[in-house]
Visitor: 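Below you will find the structure I want to go over with you.
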Amino acid sequence: EPEVTQTPSHQVTQMGQEVILHCVPISNHLYFYWYRQILGQKVEFLVSFYNNEISEKSEIFDDQFSVERPDGSNFTLKIRSTKLEDSAMYFCASSSLRYTGELFFGEGSRLTVL
Amino acid sequence: AQTVTQSQPEMSVQEAETVTLSCTYDTSESNYYLFWYKQPPSRQMILVIRQEAYKQQNATENRFSVNFQKAAKSFSLKISDSQLGDTAMYFCAFTLTSGTYKYIFGTGTRLKVLA
């Protein structure tokens with residue numbers, strides 16, 4: 001069964017360092033998302049990506065964040081200069097339809113910023 | 001702005017019993033979808049059940065059913081004949097049918113099914 005895969009499963013980094021989180025969405029899906037969950041808090045929307053461009057982003061998704069789909073299969077989230085408050089579980093998701101389609105999530109990448 | 005609230009951080013239920021997880025939401029829009037997602041320990045989130053706001057009939061998927069009260073903005077999940085494999089974090093989620101790509105999630109309810 002096709003699934004969304006994310007790497008790394010856990011990354012520890014120093015404050016100020018750049019981090020890239022990788023995702024391989026399901027191959028025939030058209031909509032791609034990044035969400036994050038700070039421990040004990042709600043799952044928060046970061047960004048959606050459709051037709052090779054950002055379709056929507058939240059106020060969390062500031063200039064420190066960027067997304068790319070470099071080769072038609074990978075979907076990456078880059079954090080340029082990590083802050084302590086970026087420590088969270090980051091979830092990638094994809095869907096084939098915009099509204100009625102379910103989101104298919106990866107297992108998440110846990111980011112710890114020291 | 002839309003919000004989703006899950007007021008039960010943790011619940012437990014005996015195997016084979018029935019449990020209801022609560023979810024309330026706030027929106028001024030009339031067209032939207034509601035979802036329950038399940039996240040087993042160390043696994044990805046998967047869709048449990050979906051409800052279209054324009055449908056009055058409550059959605060049902062095998063042992064999972066919802067009680068959708070549009071006027072009250074309430075969307076609870078009932079799990080019948082609970083099984084050990086139902087142990088997971090359950091998230092209520094919401095999305096509008098136009099104008100946004102964003103799904104809004106609650107903080108989750110951790111459900112433990114006891115043998």
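Computed from a predicted structure; not experimentally measured. Numbered from 1 within each chain, the chains take letters A, B, ... in sequence-line order.
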Visitor: Where does A/Gln6 contact chain B at under 4.5 Å (heavy atoms): side chain, backbone, both or neither?
Guide: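 When you check distances to chain B, no heavy atom of A/Gln6 falls under 4.5 Å.
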Visitor: Report yes or no: does B/Tyr101 contribute a side-chain atom to a donor-acceptor pair with the main-chain N or O of A/Tyr50 at less than 3.5 Å?
Guide: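 Not confirmed, B/Tyr101 side chain does not pair with A/Tyr50 backbone.
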Visitor: Tell me, for A/Gln37 versus chain B, whether the close heavy atoms (under 4.5 Å) come from the side chain, the backbone, both or neither.
Guide: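 Looking at A/Gln37, just its side chain touches chain B.
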Visitor: B/Gln6 versus chain A, heavy atoms under 4.5 Å apart: side chain, backbone, both or neither?
Guide: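 It is neither, since no heavy atom gets under 4.5 Å.
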Visitor: Taking CG in A/Asp62 as the centre, count heavy atoms belonging to other residues, nucleotides or ligands within less than 6.0 Å. Is the count above 12?
Guide: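 Count over threshold, so yes.
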Visitor: Atom OG in A/Ser48, atom NZ in B/Lys102: separation rounded to 0.5 Å?
Guide: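 It comes to 9.5 Å.
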Visitor: Does a donor on one side chain sit under 3.5 Å from an acceptor on the other, for A/Glu56 and B/Thr100?
Guide: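 Yes, a side-chain donor-acceptor pair sits under 3.5 Å.
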Visitor: Look up atom CZ in B/Phe91 and atom CZ in A/Phe105, then write down how far apart they are to the nearest 0.5 Å.
Guide: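 Rounded to the nearest 0.5 Å, the CZ-CZ separation comes to 9.0 Å.
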Visitor: Does a sphere of radius 6.0 Å around CZ in B/Arg43 hold more than 12 heavy atoms from other residues, nucleotides or ligands, not counting ones at 6.0 Å or beyond?
Guide: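 Count not over threshold, so no.
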Visitor: Could you walk me through whether B/Phe105 and A/Tyr35 satisfy the ring pair (Phe, Tyr, Trp, His ring centres under 6.0 Å) test, starting with their C-alpha distance in whole Å, then the side-chain angles of each, then the deciding distance to 0.1 Å, before giving a yes or no?
Guide: CA-CA 10 Å; B/Phe105 287 80; A/Tyr35 284 80; 5.4 Å; yes
Visitor: Counting neighbours of CZ on B/Arg110 that are heavy atoms of other residues, nucleotides or ligands and sit closer than 6.0 Å, is the number greater than 12?
Guide: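 Check fails, neighbour count at 12 or below.
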Visitor: About how many Å separate OH of B/Tyr37 and CG of A/Leu103, when rounded to the nearest 0.5 Å?
Guide: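 Nearest 0.5 Å value for the CG-OH distance: 4.0 Å.
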Visitor: What do you reckon, is NZ of A/Lys57 surrounded by more than 12 foreign heavy atoms closer than 6.0 Å?
Guide: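 Counting neighbours around NZ of A/Lys57, 12 or fewer heavy atoms of other residues, nucleotides or ligands fall under 6.0 Å, so no.
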Visitor: Starting from A/Leu21, can I reach A/Phe49 by hopping between I/L/V/M/F/W/Y residues whose side chains sit under 4.5 Å apart?
Guide: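 Linked, A/Phe49 and A/Leu21 end up in one cluster.
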Visitor: For atom CG of B/Asn62, is the number of surrounding heavy atoms from other residues, nucleotides or ligands below 6.0 Å larger than 12?
Guide: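 No, the 6.0 Å shell around CG holds no more than 12 heavy atoms from other groups.
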Visitor: Which atoms of A/Phe104 are under 4.5 Å from chain B, going by heavy atoms: the side chain, the backbone, both sets, or neither?
Guide: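 For A/Phe104, no heavy atom lies under 4.5 Å from chain B.
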Visitor: Nearest 0.5 angstrom please: B/Leu47 CG to A/Ser95 OG, how far?
Guide: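 Result: 11.5 Å between the selected atoms.
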Visitor: Counting only heavy atoms not in A/Lys83, do more than 12 sit closer than 6.0 Å to its NZ atom?
Guide: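 Enclosed: over 12 neighbouring heavy atoms sit under 6.0 Å from NZ of A/Lys83.
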Visitor: With chain B, which of A/Ala93, A/Gly106, A/Gly108, A/Ser58 has the greatest number of heavy-atom pairs at distances under 4.5 Å?
Guide: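 If we count pairs closer than 4.5 Å to chain B, A/Gly106 comes out on top.
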Visitor: Check whether more than 12 heavy atoms from other residues, nucleotides or ligands sit under 6.0 Å from atom CD of A/Glu85, and answer yes or no.
Guide: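 Buried by this count: over 12 neighbours within 6.0 Å.
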Visitor: Grouping I, L, V, M, F, W and Y whenever their side-chain heavy atoms are under 4.5 Å apart, do A/Ile20 and A/Trp34 come out in a common cluster?
Guide: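 Different clusters.
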Visitor: Give, as side chain, backbone, both or neither, the part of A/Ser55 having an atom under 4.5 angstrom from any heavy atom of chain B.
Guide: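 Both parts, backbone and side chain.
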Visitor: Near B/Lys78 NZ, under 6.0 Å, is it more than 12 heavy atoms from other residues, nucleotides or ligands?
Guide: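 No, the 6.0 Å shell around NZ holds no more than 12 heavy atoms from other groups.
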Visitor: Nearest 0.5 Å, what's the OG1-CD distance between A/Thr5 and B/Gln44?
Guide: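 Going from OG1 on A/Thr5 over to CD on B/Gln44, the span is 10.0 Å.
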Visitor: Rounded to the nearest 0.5 Å, what's the gap from CD1 on B/Ile104 to CD on A/Glu44? Could you check?
Guide: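 Reported value, rounded in 0.5 Å steps: 11.5 Å.
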